[in-house]
Amino acid sequence: MACVERNNKILFDLVRQPGNTLCADCGVPDPDWASYTLGIFVCLNCSGIHRNLPAVSRMKSIRLDHWDDSLVEFMQERGNTVAKAIFEKCVPAFFYQPLQKDCMVLKDQWIRAKYERREFTGENEFFKQAYCSELFESTLWKKGKDNKQFLKRVFQLSRKDFTLRYFIKEDSKLPKVVISMKDLNAVFQPEKIGHIHGLQISYVHGERTRNLFVYHEKGQVIVSLFNAIRATRLAYLQRKHPTLRDNDLIPQLTRYCLKEGYMEKTGPTHREPFKKRWFTLCSMNRKLLYSKNPLDATELGAVFIGTESHSYSASESSGRSSRGGRWNCGIMLQTPDRQYVFMCEQHQEQKEWLEAFRKIISQPMTPEDYANEANMRRGK
């Protein structure tokens, strides 16, 4: 019993040491599980992924399980910092390292890439060369533009001309669409798409944003494409901005929306009936996009959101919707050209939308933002 208590105390002391206080894989605080074959401390969620890798990782709770002396000694020798120096020695700058909030397939493939495939130990360059190859090809299931049916399509990512193409058939000579890296964005949306490996690819087509919804049955395939897109985006941005460092470019590789969800919207005179619309707010391009449904291929419209000094503001709107709407938690978004009125279903959603709008309004505009604002105002 004294030996068990001694080992438990050693483990509790170890997990409080610098480097071990955060999960080795997703960074969440206070991990209470450990891989006694890898010598790392991880959270409960990541421990579940490790259990699917019995050939390389074996798990124990540092609170509930019995620990032999030899295992405790190994944990003392290894720990998260030493393990990272081994398994994350050569992580490419473009490779996405997921956090706790990210979807399961990203965390699963990050853990498998590190410990199962040993992609970042420096033992070989195969995987990095694959992500950065001149032509990266994947066959994915893609949702139809005007229906819910998913059909197989061939996608080709070209590093030579910085484009993503997709073809209707494997033997097609001409692509259905050619997408420039300049306008391309890819984010995982498993809940929206209805598949655990669902990926949303967005790009600018004319004056509108076009959305492609795709998935692959194998997590490694879809995450590899995602990281290959990031690698190609980084190469494009490095050529476009040769004086900027990679640390300045990495945040631009994947643009996540600040807030997404349903609100009710009325028309420009405020006398039109309220209609339920799906809204997506992106902080990087300062745009609020709205469509009828979450999986629509193209948005119905867009609103640019500038700064307070340029007459943009967001405030709570009192009063009930009396023109066909069902929701009563109002938001007023003021722009130089128009006053928008939205209705949320719950007060919490109203609060979250207001915080998101105000966050963008408080951020200074870049020269590119001014150009986008001018283009949108000219297009109206």
Side-chain angles (χ1 to χ4, degrees), residues 143 145-146 164 177 179-193 198-214 233 252-268 272 274-307 310 312-314 325 327 330-345 349-350 352-361 363 365-366 368-380:
K143 179 185 173 295
K145 180 179 178 181
D146 301 315
L164 176 68
V177 173
I179 307 168
S180 168
M181 283 296 114
K182 174 181 179 294
D183 303 315
L184 185 144
N185 188 48
V187 293
F188 278 94
Q189 294 277 18
E191 293 183 5
K192 182 195 288 189
I193 295 173
L199 184 71
Q200 178 176 337
I201 300 172
S202 303
Y203 62 97
V204 177
H205 180 66
E207 299 297 323
R208 296 278 178 102
T209 298
R210 175 82 163 89
N211 300 308
L212 308 179
F213 302 100
V214 300
R233 279 269 303 162
Q252 302 180 44
L253 300 187
T254 302
R255 301 186 296 275
Y256 287 94
C257 67
L258 189 59
K259 173 73 177 165
E260 207 170 26
Y262 281 111
M263 289 191 291
E264 290 183 335
K265 173 187 176 295
T266 186
E272 297 87 352
F274 277 86
K275 294 181 180 179
K276 185 178 177 181
R277 294 289 182 253
W278 178 264
F279 288 84
T280 300
L281 180 61
C282 181
S283 61
M284 191 164 289
N285 63 14
R286 309 183 73 107
K287 287 183 181 179
L288 176 69
L289 308 178
Y290 59 92
S291 55
K292 189 174 182 180
N293 299 300
L295 296 183
D296 283 353
T298 307
E299 87 273 7
L300 294 173
V303 182
F304 182 87
I305 301 176
T307 60
H310 290 80
Y312 291 87
S313 65
W327 299 342
I331 293 174
M332 188 174 295
L333 179 64
Q334 182 68 55
T335 76
D337 300 323
R338 177 177 164 185
Q339 190 179 73
Y340 293 86
V341 177
F342 308 119
M343 290 290 175
C344 303
E345 185 176 18
E349 292 175 353
Q350 178 193 44
E352 291 173 1
W353 276 109
L354 280 171
E355 289 176 353
F357 286 136
R358 288 166 178 167
K359 182 176 181 179
I360 294 180
I361 290 170
Q363 296 172 351
M365 287 171 58
T366 65
E368 188 174 358
D369 290 332
Y370 283 110
N372 289 336
E373 180 187 35
N375 289 336
M376 289 188 67
R377 295 179 75 173
R378 277 198 299 266
K380 290 184 177 180

From [X] [atom1] over to [Y] [atom2], what is the distance, rounded to the nearest 0.5 angstrom?
X      : Y      : atom1 : atom2 : result
Leu184 : Leu253 : CG    : CG    : 11.5 Å
Leu289 : Thr209 : CG    : OG1   : 5.0 Å
Lys287 : Ile360 : NZ    : CD1   : 12.0 Å
Arg358 : Leu333 : CZ    : CG    : 11.0 Å
Thr307 : Tyr370 : OG1   : OH    : 5.5 Å
Glu355 : Lys259 : CD    : NZ    : 9.5 Å

By side-chain contact (heavy atoms from CB on, under 4.5 Å) - contacts of Cys257 (at least two apart):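 Listed in chain order: Glu260, Thr280.
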
Flag, side chain of [X] to backbone of [Y], donor-acceptor distance under 3.5 Å:
X      : Y      : answer
Arg277 : Met263 : no
Glu373 : Gly306 : no
Thr266 : Glu272 : yes
Asn372 : Asp369 : no
Gln350 : Met343 : no
Arg208 : Ala302 : no

Which heavy atom of [X] sits nearest to which heavy atom of [Y], and what is that distance?
X      : Y      : result
Thr254 : Ala186 : CG2-O, 3.4 Å
Met181 : Arg233 : O-NH1, 2.7 Å
Trp353 : Cys344 : CD1-SG, 3.8 Å

Lys143 vs Leu295, test: side chain to side chain contact (heavy atoms under 4.5 Å, CB included). Steps then yes/no. CA-CA 9 Å; Lys143 179 185 173 295; Leu295 296 183; 3.8 Å; yes

[X] versus [Y]: any side-chain heavy-atom pair under 4.5 Å?
X      : Y      : result
Glu345 : Tyr262 : no
Gln363 : Arg286 : yes
Met365 : Phe304 : yes

Is there any salt bridge (Lys or Arg N to Asp or Glu O under 4.0 Å) pair reaching into residues 290-307, and which pairs are they, with sequence neighbours excluded? none

From CA spacing to verdict: side chain to side chain contact (heavy atoms under 4.5 Å, CB included), Thr335, Tyr340: CA-CA 8 Å; Thr335 76; Tyr340 293 86; 3.9 Å; yes

For the [atom1] atom on [X], are there more than 12 heavy atoms of other groups (residues, nucleotides or ligands in this structure) within a distance under 6.0 Å?
X      : atom1 : value
Glu191 : CD    : no
Gln339 : CD    : yes
Lys359 : NZ    : no

Who pairs with Ser180 by side chain to side chain donor-acceptor pair (under 3.5 Å), at least two apart in sequence or on another chain?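 Counting only residues at least two positions away or on another chain, Ser180 forms no side chain to side chain donor-acceptor pair (under 3.5 Å).
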
Classify the ring geometry between Tyr203 and His205 as parallel (under 30°), tilted (30 to 60°) or perpendicular (over 60°).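 Ring orientation of Tyr203 relative to His205: perpendicular.
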
According to the interplanar angle, ranging from 0 to 90°, do the rings of Phe279 and Tyr290 count as parallel (below 30°), tilted (30 to 60°) or perpendicular (above 60°)? tilted

Begin with the C-alpha distance, continue with both residues' side-chain angles, and end with the deciding distance and a verdict on side chain to side chain contact (heavy atoms under 4.5 Å, CB included) for Phe188 and Ile193. CA-CA 9 Å; Phe188 278 94; Ile193 295 173; over 6 Å; no

Side chain to side chain contact (heavy atoms under 4.5 Å, CB included) evaluation trace for Phe274 with Val341: CA-CA 9 Å; Phe274 277 86; Val341 177; 3.9 Å; yes

